[in-house]
Trainee: 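One structure follows; several queries about it will come next.
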2 protein chains.
Amino acid sequence: MPTIRDVAKLAGVSTATVSHVINNSHVVRPDTRQRVLAAIERLNYRPSAIARSLTTSVTRSIGVMVADITNPFFAAIVRGIEDRLETHGYNLIVCNTDEQASREARDLELLLARRVDGMIIAPTGEPQPLLREFVAHNIPLVFIDRKPPEPCGPVIAIDTRAGTYAATDHLLRLGHRRIAILVRSPMLSTVVGRLDGYRQALRDHHLSVDESLIYVSDYAVEAAHETAHRLLSNSPWLTAIIATNHAMTLGLLEAMQEQYLKYPDDISLVAFDDNPWLTLVTPPLTAVRLPIQALCDATVKTLRAAMENQAQSKKSSHVESQPLPDILLQAELISRASCRKI
Amino acid sequence: MPTIRDVAKLAGVSTATVSHVINNSHVVRPDTRQRVLAAIERLNYRPSAIARSLTTSVTRSIGVMVADITNPFFAAIVRGIEDRLETHGYNLIVCNTDEQASREARDLELLLARRVDGMIIAPTGEPQPLLREFVAHNIPLVFIDRKPPEPCGPVIAIDTRAGTYAATDHLLRLGHRRIAILVRSPMLSTVVGRLDGYRQALRDHHLSVDESLIYVSDYAVEAAHETAHRLLSNSPWLTAIIATNHAMTLGLLEAMQEQYLKYPDDISLVAFDDNPWLTLVTPPLTAVRLPIQALCDATVKTLRAAMENQAQSKKSSHVESQPLPDILLQAELISRASCRKI
DNA sequence: CTGTTAGCGCCTTCAT
DNA sequence: ATGAAGGCGCTAACAG
């Protein structure tokens, strides 16, 4: 591939001049500029982002770590982030942690070595000492959807506490008293929130919380499926179930189908994370809709602000900018036909 | 961040030695090795992938371009590729082209500047002169799912022609004669295949093809939704519909719901791209299952082979390795309850 | 076995 | 307005 030197030679100027026309970093006489541009064109020259990064220590690449891009929730997040960042010349290095701390650690390692300009992370929930490394080197970290065990950056999340509260409250108002909830490991900040909301709603209705109605399942659809079967078999007297993510909803519906249980006749249902297909099952599912676009918006804005801060503090040192705030977005209960009055 | 020089200084050796212990590129006496390792540890040193790339001209990053990661098909592809590449120390730079040639061009530009080691592309279908640039610079290109307008790399795809043939044939054998098909722009290679299969099946059953039963829709769910409405209103006499991707299936089902049309009673249905939720609608949808894992497998293998070739040819020049073959994977029709005999 | 040296391709003072 | 030179962090010969 041609280098800046080839261009300089062909245009009969120095590499400095070429650099200046490329970056508009300096005024260049129109005719020399034209010559340079012509040379660039002729050689099909493209500045090496690598070399540029080395000198400027700016990579214009952002690390994005999510648990599983196959989950529509995260797919939408990646897309939303890409949409908002690609237009500014950033590239995304996307990593699937698959909910494994070890993979998360390896990915962090790789991205650190790659000197990304910033990171957007949906953390697994395990503590990651490597994160300290990022903050030590002033690489902006923004957490999306989930809070890391040790705070080390702004958290942009959805108020799942309120979301679950709304779901539970909705069922309670319909007269339900024995409401099961299907969640992932309570290690995750989002799960803590969900359970909080669930418990609070019960308490507000002067009901005690039956811990045996809280079903914890692993992340995969198959695991959710199994757990759902257990749930349905163990607690025949319950009247409603809240599934707190896409996989749980899928697994639960499969299990119900297999056990010939109908909703809302046998059991009422509320799903988390709305999705087009939820309206296509019979009857359509009541769901808590998560504001994904707003989430991406806030996340990218926060990240850009953080990177801005970081750039500033590099120039004029000791201008401590205040840390960026966490943001909590509200979810919305969409009432459809999967809950009945009892 | 500490550099290799800091490590060398602290360990009392030269940078070359440090480099050698990092890369195992040379035998180093055990005790010096230990000192170096200790220094690395103490400084929390991490080699800069940027600098390394500049000297070795290897980035260990792969560009991945898909239309829309929000489509479960592509989400699964990205995940499948990541799974198979991350373990080898590669990172994915993921780009959403959103089916727009302009965005695709911009992404190609960025990835070229980033000097990726290879590319996996699901092309939009528009000609992209920039692709020539990649082949000119010997950057391996592998196309996944779709064929680019001008051949410039191996194509790993699913035999959609056979898949649609099977779907159409299935309906024909059930006695259907007026079968509509919902597709995207026939510009795409995958759509050409689909229509071929459809037409061929009809011909094989000695039926003429009614072009008015071929409904072309834009990519988004909303577009599919509208087109589906048109389809349902314009052709009241048809007895079956084939929806050729996830968005089409969604849009069609929504439209049928809105028009109070039941399947399989009013119309029989076959969907492309199986998905867990297809078994949860009532009745479960007959679908063509796409072998996504095999697709990712073949794609990554081909890419790695191509990169291997490229590396070899760099060493011993003029050892022309034969071009890698295209691969066509077979889809499978999963018969469920959405088609009835007539 | 270890150190010296010369780039990789680019940007950036600092002169001119 | 343009050029010369140094350096970003690392690896790859080659010497010792």
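Note: hydrogens, waters and symmetry copies are ignored here, and every other heavy atom, side chains too, is used.
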Trainee: Could you state the atom-to-atom distance from NE2 of A:His20 to P of D:dA1 in whole Å?
Mentor: 11 Å
Trainee: Please report, rounded to the nearest Å, how far the P atom of C:dG7 is from the CD1 atom of A:Ile4.
Mentor: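 Roughly 18 Å, once rounded to whole Å.
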Trainee: So does B:Thr17 get a side-chain nitrogen or oxygen closer than 4.0 Å to the phosphate oxygens (OP1/OP2) of C:dG3?
Mentor: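 For C:dG3, OP1 or OP2 has a side-chain N or O of B:Thr17 closer than 4.0 Å.
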Trainee: Measure from NZ on B:Lys9 to C1' on C:dG3 and round the result to the nearest Å.
Mentor: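 Interatomic distance, NZ of B:Lys9 to C1' of C:dG3: 16 Å.
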Trainee: Give the nucleotide from the list C:dG3, C:dC8, C:dC10 with an atom nearest to the side chain of B:Leu54.
Mentor: C:dC8
Trainee: Do B:Gln128 and B:Pro148 touch side chain to side chain, with heavy atoms closer than 4.5 Å?
Mentor: no
Trainee: A:Tyr45 has an atom OH; how far is it from atom C1' of C:dC11, in whole Å?
Mentor: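 In whole Å, C:dC11 C1' lies 10 Å from A:Tyr45 OH.
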Trainee: Output, in order, the C-alpha distance, side-chain angles, deciding distance and verdict of side-chain hydrogen bond (donor to acceptor under 3.5 Å, both in side chains) for B:Ser61 and B:Asn91.
Mentor: CA-CA 5 Å; B:Ser61 54; B:Asn91 271 149; over 6 Å; no
Trainee: Take B:Arg46 and B:Asn44, measure what side-chain hydrogen bond (donor to acceptor under 3.5 Å, both in side chains) needs, and give me the verdict at the end.
Mentor: CA-CA 7 Å; B:Arg46 261 158 247 286; B:Asn44 241 308; 3.0 Å; yes
Trainee: Think A:Arg52 has a side-chain N or O under 4.0 angstrom from the OP1 or OP2 of C:dG9?
Mentor: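 No, A:Arg52 has no side-chain N/O under 4.0 Å of OP1/OP2 on C:dG9.
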Trainee: C:dG3 C1' sits how many Å from B:Arg5 CZ, rounded?
Mentor: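 Going from B:Arg5 (CZ) to C:dG3 (C1'), I get 14 Å.
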Trainee: Using a cut-off of 4.0 Å on non-hydrogen atoms, how would the nucleic acid contact of A:Thr3 be classed: base, sugar-phosphate, or nothing?
Mentor: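 Here A:Thr3 touches the backbone only, sparing every base.
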Trainee: Side chains of A:Phe74 and A:Asn96: does their closest heavy-atom pair fall under 4.5 Å?
Mentor: no
Trainee: Between atom CG in A:Asn24 and atom C1' in C:dT12, what is the gap in whole Å?
Mentor: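 In whole Å, C:dT12 C1' lies 16 Å from A:Asn24 CG.
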Trainee: For DNA chain C, whose closest nucleotide is more 5', that of B:Thr15 or that of B:Ala51?
Mentor: B:Thr15
Trainee: B:Ile50 CD1 to C:dC11 P: how many Å, rounded?
Mentor: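 Between P of C:dC11 and CD1 of B:Ile50: 14 Å.
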Trainee: Looking at A:Thr32, does any N or O in its side chain come under 4.0 Å of the phosphate oxygens OP1/OP2 on D:dT2?
Mentor: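 Answer yes for this pair, as a side-chain N or O of A:Thr32 is under 4.0 Å from OP1 or OP2.
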Trainee: Would you say D:dC10 has OP1 or OP2 under 4.0 Å from some side-chain N or O of B:Thr55?
Mentor: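 No, B:Thr55 has no side-chain N/O under 4.0 Å of OP1/OP2 on D:dC10.
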Trainee: Using a heavy-atom cut-off of 4.0 Å across all strands, would you classify A:Val13 as base, sugar-phosphate, or nothing?
Mentor: sugar-phosphate
Trainee: Under a 3.5 Å cutoff, is there a donor and acceptor pairing between the side chains of B:Glu104 and B:Thr124?
Mentor: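 Short answer, yes.
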Trainee: Taking only side-chain N and O atoms of B:Ser48, does any of them lie within less than 4.0 angstrom of OP1 or OP2 on D:dG9?
Mentor: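 Looking at the OP1 and OP2 atoms of D:dG9, neither is under 4.0 Å from any side-chain N or O of B:Ser48.
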Trainee: In this structure, how many angstroms lie between the P atom of C:dC10 and the CG atom of A:Asn23, rounded?
Mentor: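 Distance check: A:Asn23 CG to C:dC10 P gives 11 Å.
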Trainee: Given D:dA1, is OP1 or OP2 found less than 4.0 Å from the side-chain N or O atoms of A:Arg33?
Mentor: no
